[in-house]
Amino acid sequence: GTFNITNGSGIVEVLVVAAGGGGGNNNGGGGGGGGIIYNTSFPTSVQTYNVTVGSGGAGGVSIGYSGAQGQNSSFSTIIAIGGGGGGGGNNGLCTSGGSGGGDSRQRNGGGCAGTSGQGNSGSSSGTSGTYGGGGGGAGAVGGPGSETGGVGLSYSISGSLTFYGGGGGGGVESLAVLAALVAMAAAAKEAEAKEGPEEMAQLIQVAVEEGQDTQELLEEEMAVQVLL
């Protein structure tokens, strides 16, 4: 788009906010918030100023895929950088941006960097391997190994105080999946499987610790039930 000034010159207040990054798939890291640039005294004159509003980055398209970086936004020569994508799956890579994306849940690599003056870094997934790291926000880094993204910054340029540029929270292992695993163990016990409940629980625990994909784990355990 464009912003046209047809007469006179003056000073305008400008807030440019880039698009946020997408979150990683399968308990991945949160997407980073779009970069923010706030200028309280941008000089203008009779001319046409180009304006670009970026689109948000897509989330990870399937199991293990990382999120995409958000697009830049701009006003004239002011360019805000799109937020970084969150890492996907167990070890997918996050990307840097206005604010950086968070780590995938077992990578624990520190998250990805934000752009100086526009945002903050994403966070590490932590040591538990349960949560992805939170995406960075304009006001703070992402939460380490948690569902909390970095907070944005507030401005009243629209007429009311509004937060912009917040980061996305990290993904967490679904309680529904855990409930399904418990149900499978119970079904195995009722069917008097060759492997008792204790052995089944140990197999499930080992698979989770080794970073086996949850969907694959479910399919394998269902196949065992069919054979029994």
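- Between Q118 and A80, the closest heavy-atom pair is OE1-CA, 3.4 Å.
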List the atom pairs, with distances to 0.1 Å, where a side-chain N or O of residues 150-167 and a protein N or O form a donor-acceptor pair under 3.5 Å, not counting sequence neighbours.
{"unit_1": "S158", "atom_1": "OG", "unit_2": "S160", "atom_2": "O", "d": "3.3"}
{"unit_1": "T162", "atom_1": "OG1", "unit_2": "S160", "atom_2": "O", "d": "3.1"}

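- Residue pairs meeting the ring pair (Phe, Tyr, Trp, His ring centres under 6.0 Å) criterion with at least one member in residues 105-126, sequence neighbours excluded, do not occur.
- For N25 (side chain) and S62 (main-chain N/O), a donor-acceptor pair under 3.5 Å exists by modelled atom type.
- Cluster partners of I79, using a side-chain heavy-atom cutoff of under 4.5 Å among ILVMFWY residues and allowing indirect links, are I81.
- Taking hydrophobic clusters as Ile, Leu, Val, Met, Phe, Trp and Tyr residues chained together by side-chain heavy-atom distances below 4.5 Å, F3 does not share a cluster with I11.
- A side chain to side chain contact (heavy atoms under 4.5 Å, CB included) with V14 is found for one member of T44, I78, I37 and no other, namely I78.
- Contact detail for S123 and P144: the closest heavy-atom pair is OG-CA, 2.7 Å.
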Would S124 and D103 count as a side chain to side chain contact (heavy atoms under 4.5 Å, CB included) if you check the C-alpha gap in whole Å, the side-chain angles of each, and the deciding distance to 0.1 Å? CA-CA 5 Å; S124 169; D103 263 343; 4.1 Å; yes
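- Of all heavy-atom pairs between S99 and G136, the closest is CB-O, 3.1 Å.
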What side-chain donor-acceptor pairs closer than 3.5 Å can you find for residues 48-56, not counting sequence neighbours?
{"unit_1": "T48", "atom_1": "OG1", "unit_2": "N4", "atom_2": "OD1", "d": "2.8"}
{"unit_1": "Y49", "atom_1": "OH", "unit_2": "S45", "atom_2": "N", "d": "3.0"}
{"unit_1": "Y49", "atom_1": "OH", "unit_2": "Q47", "atom_2": "NE2", "d": "3.1"}
{"unit_1": "T52", "atom_1": "OG1", "unit_2": "S74", "atom_2": "OG", "d": "3.4"}

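- Nearest heavy-atom pair across S73 and V17 is OG-O, 2.9 Å.
- Pairs engaging residues 78-108 under the ring pair (Phe, Tyr, Trp, His ring centres under 6.0 Å) rule: none recorded [sequence neighbours left out].
- Residue pairs meeting the disulfide (SG to SG under 2.5 Å) criterion with at least one partner in residues 73-102, sequence neighbours excluded, are C94-C112.
- Counting only residues at least two apart or on different chains, no disulfide (SG to SG under 2.5 Å) pair has a member in residues 14-64.
- Sorted by first and then second residue, the disulfide (SG to SG under 2.5 Å) pairs involving residues 130-164 (not counting sequence neighbours) form an empty list.
- Of all heavy-atom pairs between G88 and S104, the closest is O-CB, 3.5 Å.
- Between the CG atom in L15 and the OG1 atom in T40 there is a gap of 11.5 Å [rounded to 0.5 Å].
- A single hydrophobic cluster is seen to contain both F42 and V16, as judged by linkage of ILVMFWY side chains at heavy-atom distances under 4.5 Å, directly or through other members.
- Screening residues 5-26 for ring pair (Phe, Tyr, Trp, His ring centres under 6.0 Å) gives no qualifying pairs among residues at least two apart or on separate chains.
- Side chain of N26 to backbone of G64: no donor-acceptor contact under 3.5 angstrom is found.
- Take Y65 and apply the side chain to side chain donor-acceptor pair (under 3.5 Å) test, not counting sequence neighbours, and it matches no residue.
- Listed by chain and residue number, Q69 satisfy the side-chain contact (heavy atoms from CB on, under 4.5 Å) test with T95 (two or more places apart in sequence, or in another chain).
- Pairs of residues two or more places apart, or lying in two chains, never qualify as disulfide (SG to SG under 2.5 Å) while including a residue from residues 41-73.
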